[in-house]
Asker: 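Below: one structure in structure tokens.
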Amino acid sequence: MLTILLIVLVILVIFTLKYVFSSPESNPFANDCREPLKKKVYDEKTKNKVLKQGFVASKVPDNLDAVIIGSGVGGLGLAVLLAKVGKKVLVLEQHDRAGGCCHTFTEKGFEFDVGIHYIGDLLGDSPFRCMLDQMTNGQLQWEPLEKAFDHVVLGSLENRRSYPIFSGSARYLEELKKRFPGEEKAIDEYLRLVKKTEFGTWLLVVLKLCPLPLAKFLIHTGLVKHLSFFFKMAPRSLRDVVNELTENKDLRAVFTYIFGTYGNKPKDASFAMHSLLTTHYLSGAWYPKAGSSEIAYHMIPIIEKAGGAVLVRAPVNRILFNDAKEACGVSVLKGQEEVHIKAPMVISDAGIFNTYEKLLPKELQAMPEIQKQLSLVKHGEGGLNIFIGLNGTREELGLKANNYWIFADNNFDELMERYLNDGREEASKKIPLLFVASPSAKDPSWEERSPGKSTLTVVSFAKYSWFEEWKDGKVTNRGPDYKELKQVFIDSALNVVMDVFPKITRDKIEYIDAGTPITNTHYIGAPKGEMYGVDHGIARFNPEFTATIRPQTPLKNLYLTGQDVFLCGFAGALGGALTCGSVILNRNLHLDSFLLAMKTKYINKKLKDE
Ligand SMILES: Cc1cc2nc3c(=O)[nH]c(=O)nc-3n(C[C@H](O)[C@H](O)[C@H](O)COP(=O)(O)OP(=O)(O)OC[C@H]3O[C@@H](n4cnc5c(N)ncnc54)[C@H](O)[C@@H]3O)c2cc1C
Ligand SMILES: *[C@@H]1O[C@H](CO)[C@@H](O)[C@H](O)[C@H]1NC(C)=O
């Protein structure tokens, strides 16, 4: 056993060294690229000049190094990495603005963001923050949420319990123990398990990056489970682990509530995925100052500086292949016409299903290797978003920089099963799980941008099939039945919201509308309205899956980036970009970014000391 372990270690070290000694010109994290903070631009028109550059063939740069399909953070992030080493990259987006889940839209004067409510792991000089600073040249600013960033609210109106979740391991433990006397051991053990599991994530990256035969060796010898606690815990359900720790039903709920950030109820969730999300927010939660459109707004100029471009209203309708079955470009549908764009490399941020089922020619889609990958993946649950514009400041409305996770009951498995299986009539009348947050209250620039106003966003899950019959209608006019059904969902959500936020009353609402799974299909290209792309259930954390779904596809010159190739969430999709960039540039960018973070941390500290 010991000898095998040693052999593996040697192979891993060689594998790592290969990356360390590759040329610095291919390292996007070779130098500290942060620039002094420029004056903030809030004017929408000015920002749209960057975010909404419409596609015309004449704007396509020539001699491209790569084309990226989709402008989510997985696509833009990768484009930035490539641009930083001088590559000319074209990003194509089907929607009318860049950003994917990070885009924002404005209705009746209220700006809403779509898929960014809070991001963790940004404390001080954390490696993740350093990486983001580098990828936005130091221009993207983060605002911390309250110390109690999440509130878990359980039970019906008559018997509602609220548990605040605090940032910082010590405070997290202390506050939970205060609320659950007698459960000290369970609480300590939970956090210990979560941290130990998260620590093993390095092997997830290695399995995606190392040569496939090595990955297979690690898997088939069972070494993955010995090397990393992550893969030891991956096949265990969140429910099973937590139920062993405590009998207290509210505490079980508090341990598991964050399943909403990846979408699998405790019975189906992998304890490994859950550990990642729990630790992600352990040091606190942050929101991008001036809203999530800032992310794309500060990434695009870096791509352009290297000669690349980010063009919108550019739906790719197929990937082009040469006779040797190598990807060699894409076709963009402009009205009825196809515009062909040639590039030596095509990378897709559009997700596995879109890429393999919609963009490949039939004969390539039928390849056994492609079919094998498709057989591993499953569509994630659909999302429901309610956007509310309010007349009143955060003080007047009692809104804070935090989130509420409101559940009708503490048994999440039963609650989710009933909700999603009961049929839409029942479901629409009583949504048992609601995430509620005020983006405007999290943003210190809001008051200046929209004085006297506030926003509130409500998020939940919804089945694609509930809305499927309207999928071919026009997005803003799908007919009265669709509107009516949306209204029932809106009203039942509002009833809960007004209970929990007593200062919010109907007369304060200036704008309200709901986005359903078919809305997600239209605006973010989610084929089944998925909130987080490919399903994150236990099967996804099988090491076999981890190693098979990697940036390289079975087709030469075609790569995958974004949440489907790594994990969901802003950090997960960026992890996809880093992983894909590693493969393309033939070096470990996770490591490069970490090393630069260590260096800048040291410099920052020295500056402080002087
Ligand atoms: C409601 C909601 C709330 C969320 N909240 C949080 C949160 O608080 N914190 C967090 O960390 N994460 C959150 N997430 C998740 C996070 O936003 C996503 O996981 C991440 O941004 C995904 O990035 P991506 O680049 O992989 O994909 P996307 O952002 O989905 O980008 C894919 C892009 O590809 C485009 N596209 C698809 N097909 C084509 C085509 N044929 N041609 C051209 N373009 C195409 C799409 O239009 C889209 O812009 C949330 C998600 C949702 C939906
Ligand atoms: C907003 O509320 C104020 C009173 O607080 C009122 O004077 C104003 O007319 C309201 N605006 C709208 C658009 O409803």
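As the structure is a computational prediction, the values presented were derived from the model and not from experiment. We count ligands from 1, going down the list as the structure has it; atoms in each ligand are counted the same way. In this chain, numbering begins with 1 at the start of the sequence shown.
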Asker: Between Thr516 and Leu384 (side chain of the first, backbone of the second, donor and acceptor by atom type, cut-off under 3.5 Å), is there such a pair?
Answerer: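 Between the backbone of Leu384 and the side chain of Thr516 there is no qualifying donor-acceptor contact (under 3.5 Å).
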Asker: Do you know the tightest heavy-atom contact between Ile524 and Cys101?
Answerer: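 Closest approach of Ile524 to Cys101: CD1-SG, 4.0 Å.
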Asker: For atom 22 (C) of ligand 1, what's the nearest protein heavy atom and its distance?
Answerer: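 Protein heavy atom at minimum distance: Gln563 OE1, 3.4 Å.
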Asker: Looking only at protein heavy atoms, identify the closest one to atom 9 (N) of ligand 1 and say how far it is in Å.
Answerer: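 Nearest neighbour among protein heavy atoms for atom 9 (N) of ligand 1, to 0.1 Å: Tyr118 O, 2.9 Å.
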Asker: Counting non-hydrogen protein atoms only, what is the nearest one to atom 53 (C) of ligand 1? Give residue, atom name and distance.
Answerer: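 Answer, as residue, atom name and distance: Met531 O, 3.4 Å.
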Asker: Evaluate the side-chain proximity of Phe353 to Val534: yes if any heavy-atom separation is below 4.5 Å, no if none is.
Answerer: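 Touching, per the 4.5 Å side-chain cut-off.
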Asker: For Glu510, is there an ion pair with Lys453 - N to carboxylate O distance below 4.0 angstrom?
Answerer: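 Looking at Lys453 and Glu510, the cut-off is met.
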Asker: May I have the step-by-step check of side chain to side chain donor-acceptor pair (under 3.5 Å) for Asp349 and Thr561, ending in yes or no?
Answerer: CA-CA 5 Å; Asp349 179 45; Thr561 180; 4.9 Å; no
Asker: Quick one: does Gln94 get an N or O within less than 3.5 Å of an N or O on ligand 1?
Answerer: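 It does: an N or O of Gln94 is found under 3.5 Å from an N or O of ligand 1.
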Asker: Are Val114 and ligand 1 in contact, using a heavy-atom cut-off of under 4.0 Å?
Answerer: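 Yes.
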Asker: Could you tell me the residue and atom name of the protein heavy atom closest to atom 37 (C) of ligand 1, and the distance to it rounded to 0.1 Å?
Answerer: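 Checked against all protein heavy atoms, atom 37 (C) of ligand 1 sits closest to Ala350 CB, 3.5 Å.
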Asker: Any N or O of Gly562 that comes nearer than 3.5 Å to an N or O of ligand 1?
Answerer: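 No, there is no polar N/O contact under 3.5 Å.
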Asker: Between Arg424 and Ser428, do the side chains contain an N or O donor and an N or O acceptor separated by less than 3.5 Å?
Answerer: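 Checked: Arg424/Ser428 side chains show no N/O donor-acceptor pair below 3.5 Å.
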Asker: Just to confirm my output: which protein heavy-atom neighbour is closest to atom 8 (O) of ligand 1, and how far is it?
Answerer: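 Checked against all protein heavy atoms, atom 8 (O) of ligand 1 sits closest to His117 N, 2.7 Å.
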Asker: Would you call Glu447 and Arg394 a salt bridge, taking side-chain N to carboxylate O under 4.0 Å as the test?
Answerer: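 Salt bridge between Glu447 and Arg394, a charged N being under 4.0 Å from a carboxylate O: no.
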Asker: Of all the heavy-atom pairs spanning Leu485 and Trp466, show the shortest one and how long it is.
Answerer: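 So the two residues come closest at CD2-O, 4.0 Å.
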Asker: Can you check whether Tyr404 and Phe501 have ring centres sitting under 6.0 Å from each other?
Answerer: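 Yes, they do, as the ring centres are separated by less than 6.0 Å.
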Asker: N/O of Gly115 under 3.5 Å from N/O of ligand 1, yes or no?
Answerer: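 Min N/O separation from ligand 1 is below 3.5 Å for Gly115.
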Asker: Give the C-alpha distance, both sets of side-chain angles, the deciding distance and a yes or no for side chain to side chain donor-acceptor pair (under 3.5 Å) between Lys47 and Ser293.
Answerer: CA-CA 9 Å; Lys47 282 182 79 166; Ser293 65; 3.0 Å; yes
Asker: Counting heavy atoms only, name the option from Cys102, Gly569, Ala571, Gly383 that's nearest to atom 20 (C) of ligand 1.
Answerer: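 Going through Cys102, Gly569, Ala571, Gly383 one by one, Gly569 has the nearest heavy atom to atom 20 (C) of ligand 1.
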Asker: Write down the atom of Ala462, the atom of Phe467, and the distance for their closest heavy-atom approach.
Answerer: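 Taking every non-hydrogen atom into account, CB-CE1, 4.0 Å.
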Asker: At less than 4.0 angstrom from any non-hydrogen atom of Ile69, what atoms of ligand 1 do you find?
Answerer: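 It comes down to these atoms of ligand 1: 40 (C), 42 (N), 43 (C).
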Asker: Is any N or O atom of Phe570, backbone or side chain, closer than 3.5 Å to an N or O atom of ligand 1?
Answerer: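 Among all N and O atoms of Phe570, at least one is under 3.5 Å from an N or O of ligand 1.
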Asker: Which ligand 1 atoms, with their elements, are less than 4.0 angstrom from a heavy-atom of Ile524?
Answerer: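 Those qualifying, in numeric order: 46 (C), 47 (O), 48 (C).
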Asker: Is atom 9 (O) of ligand 2 less than 4.0 angstrom from some protein heavy atom?
Answerer: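 Protein heavy atom within 4.0 Å of atom 9 (O) of ligand 2: absent.
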Asker: How about atom 13 (C) of ligand 2: does it have a protein heavy atom within less than 4.0 Å?
Answerer: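 Protein heavy atom within 4.0 Å of atom 13 (C) of ligand 2: present.
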Asker: Give yes if a backbone or side-chain nitrogen or oxygen of Tyr532 is under 3.5 Å from a nitrogen or oxygen of ligand 1, and no if not.
Answerer: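 No, no N or O pair falls under 3.5 Å.
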Asker: Provide, to 0.1 Å, the distance between atom 35 (C) of ligand 1 and the closest protein heavy atom, together with that atom's residue and name.
Answerer: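 Looking only at protein heavy atoms, the one closest to atom 35 (C) of ligand 1 is Glu93 OE1, 3.5 Å.
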Asker: Can you find an N/O atom of Val316 closer than 3.5 Å to an N/O atom of ligand 1?
Answerer: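 Yes, since at least one N or O of Val316 sits under 3.5 Å from an N or O of ligand 1.
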Asker: Quick one: do Arg313 and Glu93 make a salt bridge, cutoff under 4.0 Å?
Answerer: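 Not counted as a salt bridge, because no side-chain N and carboxylate O are separated by less than 4.0 Å.
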Asker: His590 and Thr579: side-chain donor and acceptor closer than 3.5 Å?
Answerer: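 Checked: His590/Thr579 side chains pair up, N/O donor to acceptor below 3.5 Å.
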Asker: What about Gly74: any of its N or O atoms under 3.5 Å from an N or O on ligand 1?
Answerer: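 N/O-N/O distance below 3.5 Å exists for this pair.
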Asker: What protein heavy atom sits nearest atom 21 (O) of ligand 1, and how far off is it?
Answerer: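 Scanning the protein heavy atoms, the shortest distance from atom 21 (O) of ligand 1 goes to Cys101 CB, 3.4 Å.
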Asker: Give the atom numbers and elements of ligand 1 that come within less than 4.0 Å of a heavy atom of Gly70.
Answerer: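 Close to Gly70: 33 (C), 34 (O), 35 (C), 44 (N).
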Asker: Determine whether any heavy atom of Ala314 lies closer than 4.0 Å to an atom of ligand 1.
Answerer: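 The answer is yes, since Ala314 has a heavy atom less than 4.0 Å from ligand 1.
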Asker: Phe110 vs Tyr511, test: ring pair (Phe, Tyr, Trp, His ring centres under 6.0 Å). Steps then yes/no.
Answerer: CA-CA 8 Å; Phe110 293 94; Tyr511 171 83; 7.0 Å; no
Asker: Ignoring hydrogens and angles, state whether a donor on the side chain of Glu304 or Gln53 is under 3.5 Å from an acceptor on the partner side chain.
Answerer: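 Their side chains do contain a donor-acceptor pair, which is all the 3.5 Å distance test asks for.
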Asker: Taking distance alone, with N or O pairs closer than 3.5 Å, would you say Asn391 contacts ligand 2?
Answerer: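 Such a contact does occur with ligand 2.
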Asker: In the protein, which heavy atom is nearest to atom 24 (P) of ligand 1, and how far is it?
Answerer: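 It is Asp349 OD1, 3.5 Å.
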Asker: Can you confirm whether or not the ring centre of Phe412 sits under 6.0 Å from the ring centre of Phe407?
Answerer: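 Yes - the distance between ring centres of Phe412 and Phe407 falls below the 6.0 Å cut-off.
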Asker: Show the atoms of ligand 1 that are less than 4.0 angstrom away from any heavy atom in Asn385.
Answerer: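 Numbered from 1, ligand 1 contributes 1 (C).
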Asker: My question is simple, although I want it checked carefully: is atom 2 (O) of ligand 2 less than 4.0 angstrom from any protein heavy atom?
Answerer: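 Looking at atom 2 (O) of ligand 2, one finds that a protein heavy atom does lie closer than 4.0 Å.
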Asker: Using a 4.0 Å cut-off to any heavy atom of Leu92, which atoms of ligand 1 qualify?
Answerer: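 Numbered from 1, ligand 1 contributes 43 (C), 44 (N).
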Asker: Identify, by atom number and element, the atoms of ligand 1 in contact range of Ala573, meaning under 4.0 Å from any of its heavy atoms.
Answerer: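 Answer for ligand 1: 20 (C), 22 (C), 23 (O), 24 (P), 26 (O).
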